[in-house]
A.B. asks: 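Handing you this structure, nothing more for now.
Read the numbers this way: they start at 1 and go in the same order the structure lists the ligands and their atoms.
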Amino acid sequence: MVTTQLIDFNVERVRADFPILHQEINGRPLVYFDNAATTQKPNAVIEAITKYYRGYNANIHRGIHTLAERATAEFEASRKAIADFLGASSTEEIIFTSGTTMGINLVAQTYGRAFLKAGDEIIISGLEHHSNIVPWQMLCEEKGLVLKVIPVLDSGELDVAAYENLLSEKTKLVAVNHVSNSLGTINPVKDIIAQAHLVGAVVLIDGAQATSHLDIDVQDLDADFYVFSAHKLYGPTGIGVLYGKKALLDAMPPYMGGGEMIKEVTFEKTTYNDLPYKFEAGTPNIADVVALKAALDYIAALGKDTIAAYENQLLAYATETLSEIDGLRIIGQAREKISVVSFVLDGIHHQDIGIILDQQGIAIRTGHHCTQPLMQRFGLLGTCRASFAMYNTTEEIDKLVAGIKRVQRMMA
Ligand code: C6P
């Protein structure tokens, strides 16, 4: 029997804002449960992109004509909105990137190359996405650094006691995710940061899965670096943000050389631009930066707390109804989770489940979710992952439950 109580949230009104949801896939109404991979976009975001290209497409920071000034103003207004969204103290601390992956690589290749030396240690966790593993491995190989890993408990939570034992005066950098993409675990990043700071290490938080579900306050967290992608936050693909404390960004060398990141160039010497432009070489992704602000405005109008409360109820409902299916095992039962459920079915390959659900119009992600070491930790090749967003409904979760039972019947 299902006991989950649902709050009053006008999900039909929200769904009306997302045109992609209103279509049939394989003859069935689309049920989109792959939100951790990328969220769908509301009309406001789609229209912001169109409005830019139809009305004021121009290069920024360079022109003195009216279109260029308007494009520059909208671009910088978005930077201000993001600074407020993250609780940053200034827009100088907001660097536009192409996404989370680029943000992490930027820090590894600038901060890491400039300030870490042979024998220094970097700590990551067993919950990391490949994007927060490989850039550090590359750096370790290049500079003779040592990579240490915080173990994961059976619950899908980090072993914080083990983390404390890994920390030492050799630790120079800690890089962990705020939320696990594969299991939905919310990590205690404020404590992780505080512990790292006690030994003098800087901390990068991969916020890819956190920004659409949690309130973020980088100053309260005391994060040194915080990275995220717009496309997981109802915004466009190809745009992301690196937040960094001003003192650190000032001390770091630039990542790429080119236009806009300079003050003066001669063949003998180049002087670099001020923050944040020092890290933004070349013409940026103007349309998508502007559209990211539209996504933030959309979220703010609904209320982040309201969205989170609704998603938490979807999570509780899904956890309860999926748990009642014989032979289904949920992987990752952390006390603090976002609306992600990873599961396996006895005797049925995750890929078969994904294909049969797709035939019923239900989109989930299957496989290792770019977290192969985490899958190995649980002795799995992959899982099925259903990830819920503000426009999903309990009726859709009922369809998932029915769909899984159908998979079991077909594969029996
Ligand atoms: N995870 C998923 O289905 P990019 O590709 O740069 O926008 O984000 C990379 C990334 C980094 N960290 C975490 C925690 C992530 O979840 C992701 C993206 C997607 O889980 C696609 S692999």
A.B. asks: Are any of the side-chain nitrogens in Asp154 or Arg377 under 4.0 Å away from the carboxylate oxygens of its partner?
C.D. replies: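 Salt bridge: yes.
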A.B. asks: Please list, in number order, the atoms of ligand 1 under 4.0 Å from a heavy atom of Ser131.
C.D. replies: 9 (C), 11 (C)
A.B. asks: Report, in ascending order of atom number, the atoms of ligand 1 lying under 4.0 Å from any heavy atom of His231.
C.D. replies: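 Here the atoms of ligand 1 in question are 7 (O).
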A.B. asks: Using a strict cut-off of 4.0 Å, indicate which atoms of ligand 1 neighbour a heavy atom of Gln209.
C.D. replies: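 It comes down to these atoms of ligand 1: 1 (N), 14 (C), 15 (C), 16 (O), 20 (O).
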A.B. asks: Tell me, with the steps shown, if Ser78 and Glu74 meet side chain to side chain donor-acceptor pair (under 3.5 Å).
C.D. replies: CA-CA 6 Å; Ser78 183; Glu74 300 275 356; over 6 Å; no
A.B. asks: Would Lys278 and Glu260 pass as an ion pair if we require N to O under 4.0 Å?
C.D. replies: no
A.B. asks: What do you reckon, are the aromatic ring centroids of Tyr391 and Phe18 less than 6.0 Å apart?
C.D. replies: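 Yes, the ring of Tyr391 comes within the 6.0 Å limit of the ring of Phe18, centre to centre.
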A.B. asks: Just so I know, are the side chains of Arg329 and Ile331 near enough to count as touching, which here means a heavy-atom distance under 4.5 Å?
C.D. replies: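 Yes, their side chains come closer than 4.5 Å.
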A.B. asks: Side chain, backbone, both or neither: which applies to Glu128 and ligand 1 if a contact is any heavy-atom pair less than 4.0 Å apart?
C.D. replies: neither
A.B. asks: Any N/O of Thr101 closer than 3.5 Å to an N/O of ligand 1?
C.D. replies: yes
A.B. asks: Give the residue, atom name and distance (to 0.1 Å) of the protein heavy atom nearest atom 15 (C) of ligand 1.
C.D. replies: His129 CD2, 3.4 Å
A.B. asks: Given His178, Arg385, Lys232, which has its nearest heavy atom closest to atom 18 (C) of ligand 1?
C.D. replies: Lys232
A.B. asks: If the cut-off is 4.0 Å to any non-hydrogen atom of Ser229, which atoms of ligand 1 fall inside it?
C.D. replies: 4 (P), 6 (O), 7 (O), 8 (O)
A.B. asks: Heavy-atom contacts under 4.0 Å between Arg365 and ligand 1: side chain, backbone, both, or neither?
C.D. replies: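 Side chain only; the backbone of Arg365 stays clear of ligand 1.
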A.B. asks: Do His350 and His368 make the cut of ring centroids closer than 6.0 angstrom?
C.D. replies: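 His350 vs His368: aromatic centres not under 6.0 Å.
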A.B. asks: Which option out of Thr97, Asn181, Asp206 puts a heavy atom nearest to atom 11 (C) of ligand 1?
C.D. replies: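 Comparing heavy atoms across Thr97, Asn181, Asp206, the nearest one to atom 11 (C) of ligand 1 lies in Asp206.
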A.B. asks: How does Ala36 reach ligand 1, if at all, at less than 4.0 Å between non-hydrogen atoms: by side chain, backbone, both, or neither?
C.D. replies: backbone
A.B. asks: Can you check which of Thr100, Val340, Ile133 brings a heavy atom nearest to atom 8 (O) of ligand 1?
C.D. replies: Thr100
A.B. asks: Taking NZ, NE, NH1 and NH2 as the nitrogens, is one of them in Asp224 or Lys245 under 4.0 Å from a carboxylate oxygen of the other?
C.D. replies: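 So Asp224 pairs with Lys245 through a salt bridge.
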A.B. asks: Could you check whether Tyr243 and Tyr226 have their ring centres less than 6.0 Å apart?
C.D. replies: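 Judged by ring-centre distance (under 6.0 Å), Tyr226 and Tyr243 do not meet the cut-off.
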